[in-house]
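To start, the structure itself, in structure tokens.
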Amino acid sequence: MSELTKVFEHAKIDPKWYAYWERVGAFRADPSSGRPPFSMVLPPPNVTGWLHIGHALNQTLPDVVARWKRMQGCDVLWLPGTDHAGIATQNVVEKQLAEEGRTRHELGREAFEARVWKWVEESHGTITSQMRKLGSSVDWSRERFTLDASLSRAVRRVFVSLHDEGLIYRGTYLVSWCPRCRTALSDLEVDHRDTAGKLYQLRYPLHGGEGAVVVATTRPETMLGDTGVAVHPDDDRYRELVGRRVVLPVIGRELPVIADAFVDPAFGTGAVKVTPAHDPNDFEIGQRHGLPQVSVIDEDGRMTGEAGPYAGRDRFAARADLVAELDAAGLLVGVADHVHAVGHCQRCGTVVEPLLSTQWFVRIEPLAERALEVVHRGRTTFVPENWTRTYEEWMTNIHDWCISRQLWWGHRIPAWYCDACDAVLVAEEAPAACTCGGAVRQDKDVLDTWFSSGLWPFSTMGWPDATDDLARYYPTSLLITAHDIIFFWVARMMMLGVKFAGNVPFETVYITSLVRDAHGQKMSKSKGNVVDPLELIGEIGADAFRFTLAALASPGMDISLSEGRLRGYRQFVNKIWNASRFVLMNLPPALQTRPDVPPAGDLDLIHRWILHRTGELSGELQAALEGFRFDVAADRLYHFFWHEYADWYIELVKPRLQGDAAERDTAVAVLLEAHDRILRMLHPFMPFVTEEIWQALPQRPGDGRAPNGTDCTVSLAQFPAPVAAWRDEPAVSAMTLLQEVVTTVRTVRSEWGVPPSRPVTALVEGAPAEVRELLGAQGGHVRHLAGLSSLEFADTVARSPDTVRRVVRDFQLHIPLAGIVDRKQETDRVRRSLAKLSGQRKGLQARLAKPAFVERADPEVVRDAREQEQVLAQRQAKLEQILQELGG
RNA sequence: AGGCGCGUAGCUCAGUUGGUUAGAGCGCCUGCUUGACAUGCAGGAGGUCGGCGGUUCAAGUCCGCCCGUGCCUACCA
């Protein structure tokens, strides 16, 4: 037990407890424990990355779950790790080199890889220490990296296996190519941005005769690679031309005019130039009609030798010059502004070039089918469930996955080529030589980063070996991740998990929203509205930050990181802190262990009430968390702690703590019980401040015992469950009545500007016996909270113009305020409440007067309405009487 | 072009299976140095729930259309 400082210094306290948790093994999974397992994998951040706001959310929410499950007695595995992030990391290191005026090619592959490893080792600590600052309760003893030897072995195993099954193939196809990164990309790595461009109409003269065909294109430079012109088969304008030939300007190549249903007769001129080597559609048209493929743009984005006079020029320079040349030759028929989607490299923003290239692909359909099926069978559930649609859409319209990258940083493709016999050997380990005896050399390329991330849920647990972890923790219970990587990551894990680990990777996938700025704008560096979670943690502490994220995490809504909410929850932490200081400073000095709470039947109203409400809160939290309603859980905790526990219970218990020994001991016992339970319930959301306070409170021996057998932590203390013996609805209705009386008096004080220093008295007129009894017994509480010097009862109270009268339920409160009350103001006030009330009553009466309502509505609803109408009638009569006696 | 959202108080958001005249935080107004907390306490003002129509005894909640707004997927040159 120790004193709490005047203010909560998160910067000092947070790191202390994180180190403590690690030291006592609080987050370590234990497969040998008899406890029910609960498992998650952490979406591995980029090993050289920096914790951004998205990570913060996608670690806070699972951390809430992990801590909650741990406190419920589960054996929780939350497995952390980092991703080598192939293209992203390589780009960063290349930039570093560029600043030194060097390129990776000057360094050579080996030296470059060594350089990246060095950078990885340097910066790995950044992201992991940032996770600790946030409080993520991951099992660091099981941390993995996608390039670990064991994970690399899993990658090779999967590659070879898919290849042997014919699900990985190598071939020359049109792929998206980034001329700056100099690598092929998958479809997903291409961002389509609407771009203002031009639609050019070009005239291709007919071969051997007069006339011409006018084609439309947004990319005139690709005409140099045209090998045909296509029109729609039913297009009467061109029917005669099909089968004839046109002459390609500049190059002079003769191109057949072909008919293909792909062409939209309504677009442009209805005639399309066909460039099979630089356009995905044209590639397919070319295949259908056996057109040659002429590559005119190379891997650097320059025109090739096939581009005639433009060979060696940059593709965009060539476009401009070519348009000028065609214009001069009278072959440019028209130019119009045209907005169209242009593919950009997701990593560097360069305009992507579709070009022919030999790459490795995954034949995706058979994998997608099974991944779709397991979701349909309910093996994996998406939350919110509408993400199932998104998943299905993509899985059913999926294209083969280009997995080879012309990079140096990543898993080297396990394929070897024989120079002697052209054989391709795919194997987990390097073959010594080809079967023909010839020397072999390994494929130079590496795999798409997402290929290894796709194995994450099982490769991290030791697959392909049959490990204990795998048996116990796979499939994982839950994945929490953002929607922007459903395709990149979730879908691939589903496909590969089902295929290789023999089961779905997760039972539930909870998809979080994007975190935006205070006004719902997407955060971006160019807008300058990026919020750094670490700065926020520095300012308001991890607890307040986490609580804000949880409170704002309503399913299906993007999160606007509102400053008001952040500030509000920082103040909540302060409130918790100060309430805890109050509790601690009111404990008897000798108290070492926590006293037991007396049986509820022996307790006074306020104690029974808070115990009942604390128990109810447990149930509400349980339900909210089971349904992933982090926002609801946070809201309940906030409201309960501040506006029930602190505003009412603590205020009510204050005099008891000054009372006689028996009264004080009971108050201490209940106060500690309630406080302890609330701290436990808050802990998953606010791990640091709750641990600091919990450690300072007297505990029962053994509560929250850590695996090391000596230390204790709230993170392993039992999460409160509802207590049947504490259920006490009558206590709630009694408290509600007290609160109504207190609030009524306070409102009167406020209305008439009666300062707290000035005592007032109150007389209760016409209260039924049970109310009288209750208010009599609890009169001390009411007087204390309402600032009354006396509270008395009477059947009738003499009318006085100096007395304010208020109706509470079916009785009246008389508060004499001689010299303060203005009769006219008071009359207006009563008149206003009367107007409001009679409006309410009229609505009810109208409803009850309708036979349809009485006949068709739920009898209970009708009964409630009748009762309510009676209550309002009584109140109305009393108010009318008051008004009359005021002379209004 | 398809798919998925969103539109409730000045701002950021809740509102469970339809059921009294809709809630929270911040902001705003009034009064308070009430020994845990001015990062606080007490009280208060503020919304025809984007619009129109429909279903129903009853609609913020269900259905249709419209308007506004955001995101994702997509090979229209």
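Below, read A as the first sequence line, B as the second, and so on, with proteins coming before strands; counting in each chain starts at 1.
- Each of A:V190 and A:V263 lies near RNA chain B, and the nucleotide nearest A:V190 is the one positioned closer to the 5' end.
- Between A:R847 and B:rA58, a side-chain N or O to OP1/OP2 separation shorter than 4.0 Å is absent.
- A:Y645 and A:H675 have their aromatic ring centers within a separation under 6.0 angstrom.
- When all heavy atoms of A:V215 and A:T269 are compared, the pair lying nearest together is CA-OG1, 3.7 Å.
- Taking each heavy atom of A:R319 and A:P220 in turn, the nearest pair found is CG-CG, 3.6 Å.
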Give every pair of a protein N or O atom and an N or O atom of nucleotides 13-16 of chain B that lie under 3.5 Å apart, one pair per line with the distance.
unit_1: B:rC13; atom_1: OP1; unit_2: A:S560; atom_2: OG; d: 2.3
unit_1: B:rA14; atom_1: OP1; unit_2: A:S554; atom_2: OG; d: 3.3
unit_1: B:rA14; atom_1: O5'; unit_2: A:S554; atom_2: OG; d: 3.2
unit_1: B:rG15; atom_1: OP1; unit_2: A:R629; atom_2: NH1; d: 3.2
unit_1: B:rG15; atom_1: OP1; unit_2: A:R629; atom_2: NH2; d: 2.9

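- Taking for each of A:H399 and A:L514 the nucleotide of RNA chain B with the nearest heavy atom, the 5'-most of the two is the partner of A:L514.
- A:W577 and A:F8 have their aromatic ring centers within a separation under 6.0 angstrom.
- Results of the side chain to side chain contact (heavy atoms under 4.5 Å, CB included) test with A:T222 over A:D282, A:T275, A:D279 single out A:T275 as the only residue that passes.
- Side-chain contact between A:E651 and A:L785 is present, with at least one heavy-atom pair separated by less than 4.5 Å.
- Across all strands shown, A:H338 has heavy atoms under 4.0 Å from sugar-phosphate atoms exclusively, and none from any base.
- The phosphate of B:rG23 has neither OP1 nor OP2 within less than 4.0 Å of any side-chain N or O from A:H639.
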Could you run down nucleotides 34-47 of chain B 5' to 3' and tag each one B, S or - for protein heavy-atom contact under 4.0 Å?
-> --BB-BSSSSS---
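- The shortest non-hydrogen separation linking A:R237 to A:G270 is NH2-CA, 3.9 Å.
- Comparing the same atom, P, in B:rC29 and in B:rG68 gives a spacing of 37 Å after rounding to whole Å.
- Checked against a 6.0 Å centroid threshold, the rings of A:Y569 and A:Y638 count as neighbours.
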